Trainee: 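For reference, the structure I am asking about is given below.
Quick caveat, the model's predicted, so the values are computed rather than measured.
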2 protein chains.
Amino acid sequence: MVKKEIQEQRIRGYFIEATKELLKGEGLKSVSVRNIADRAGYSYATLYNYFNDAKDLIFVCVKDFQVECAAFVRNETTPDMHGIEKIKAIINAYVKYFVQYPGIFELFFLEKVADISSKQSTIETIYYLADSLCYEEWAYCIAEKIMTKKESDSLKAQIRNEVAGLLLFYINRRQPEKYQDFVNLTQNQLNRILDR
Amino acid sequence: MVKKEIQEQRIRGYFIEATKELLKGEGLKSVSVRNIADRAGYSYATLYNYFNDAKDLIFVCVKDFQVECAAFVRNETTPDMHGIEKIKAIINAYVKYFVQYPGIFELFFLEKVADISSKQSTIETIYYLADSLCYEEWAYCIAEKIMTKKESDSLKAQIRNEVAGLLLFYINRRQPEKYQDFVNLTQNQLNRILDR
DNA sequence: TTGGATATATTAACAGTGTTAATTATATTA
DNA sequence: TAATATAATTAACACTGTTAATATATCCAA
């Protein structure tokens, strides 16, 4: 019965949409089983007919947000840039996305995952998201002999960790306090890593 | 009445000690008002006679753990080292401390704080902890003209964010999976930042 | 179209969380 | 010792996630 599957997917979609709205709006703290179900127009227990548990549902949203983040980055950057400068622009947009949606940052990096092994692939795509957004540009840099493959791998890791740390302190600890200071710090650190 | 204050401080200490044990042992997830009170030998409501709320109590532990972390670092590093190499050794010990006590990492960097302004100073000391552990060595590097003050500030920020990111991914996302890979990555990144 | 089977949705319940108010027990002081 | 002040406890409330039992649709054959 394909009809059943369509309907089932549709209802799953309602729950996912409700969860995404809550995450983008009020943030992770207001994402509860009852809140989600209310917004989706179902009882709280109905959720368990479509998802193993709450964490499962929450993590389903990750993939959608990754796509959205990629679109956001494309929209914030110009296609006539290349190499190092483009990488900087992409990372800046990437950072901007999470500052705009702190709830999504929490979901991607802070949210505890009970069974980490079952969500391994999702976690890996989060881990490598910044890398993959810059994929063509790293390739460009290597092709143009701006850097070696080995160097690019080292730089990727550095940016990955540096940016995660910057966002962690700013979003979760309001450190630095002012947004402009955060932007400047991010800029300085990116330049430090990429301009040699 | 000084007697009262001594007694009051003593009981506060019992709650703090219980919380610290839970944090170091089972981690943040098992730190609840009722768990703490049980371990301290009081009823759960008694806690509210000595602390404003649960978060308050949990954050009181931060200062103790900072002292412990500093002692751990002193113990893990030799006093006959100086400058860049000593900084590397200190940061390695700092990282090791949080890997050993993931619950303390959660408390320092992940735990949500409702009223961040009232805990501003605590949060700042967390933010600058890695810097302060290396205080003498940064001064040494500047005095020996190994780097300028401005360069050292930039390096401090870089290490701060890089290390936070590394720990965040490893402790919270098991990324990389194997401890040895994490150690190697940390080593590589530290060398990259500090060896120029 | 109706009756029975199946699938889906809902309510009730449990064990947990933080927090507050009312109550009980303890200590201090007149 | 009696009255008062202080401290500790229990009861209660509003939440949380999750499961089992119940109610309500849906579907398919007679």
Trainee: Can you tell me the distance, in whole Å, between the CZ atom of Arg12(A) and the P atom of dT8(C)?
Mentor: 13 Å
Trainee: Below 4.0 angstrom, N of the basic side chain to O of the carboxylate: do Lys86(A) and Asp80(A) qualify?
Mentor: no
Trainee: Within this structure, what is the CG-to-P distance between Leu22(A) and dG17(D), rounded to whole angstrom?
Mentor: 11 Å
Trainee: Could you state the atom-to-atom distance from CG of Leu28(B) to C1' of dG16(C) in whole Å?
Mentor: 16 Å
Trainee: Whole angstrom is fine here: how far is it from CG in Asp115(B) over to P in dT19(C)?
Mentor: 13 Å
Trainee: Can the ring centres of Tyr101(A) and Tyr97(A) be said to be less than 6.0 Å apart?
Mentor: yes
Trainee: Ring centres of Phe98(B) and Phe109(B) under 6.0 Å apart?
Mentor: yes
Trainee: Could you state the atom-to-atom distance from NZ of Lys29(A) to C1' of dA14(D) in whole Å?
Mentor: 18 Å
Trainee: Where along residues 34-50 of chain A does a heavy atom fall under 4.0 Å from DNA chain D?
Mentor: Arg34(A), Tyr44(A), Ala45(A), Tyr48(A)
Trainee: Would you please say whether a donor-acceptor pair under 3.5 Å links the side chains of Asn184(B) and Gln180(B)?
Mentor: yes
Trainee: Quick check on contacts: within residues 51-61 of chain A, what sits under 4.0 Å from DNA chain D by heavy-atom distance?
Mentor: Asp53(A), Ala54(A)
Trainee: Keeping the roles fixed (side chain from Asp181(B), backbone from Pro176(B)), state whether a donor-acceptor pair exists under 3.5 Å.
Mentor: no
Trainee: Per the side-chain contact (heavy atoms from CB on, under 4.5 Å) rule, which among Tyr50(A), Tyr48(A), Phe15(A) passes with Leu57(A)?
Mentor: Phe15(A)
Trainee: Cut-off 3.5 Å, side chains only: do Tyr94(B) and Glu76(B) have a donor facing an acceptor?
Mentor: no
Trainee: Go ahead and name the base partner of dA30(C); Watson-Crick or wobble counts if both distances stay under 3.5 Å, otherwise write none.
Mentor: dT1(D)
Trainee: Calculate the interatomic distance between Glu8(A) atom CD and dA7(C) atom P; express it in whole Å.
Mentor: 12 Å
Trainee: For a quick check under 3.5 Å, do Asp115(B) and Ser117(B) share a side-chain donor-acceptor pair by atom type?
Mentor: yes
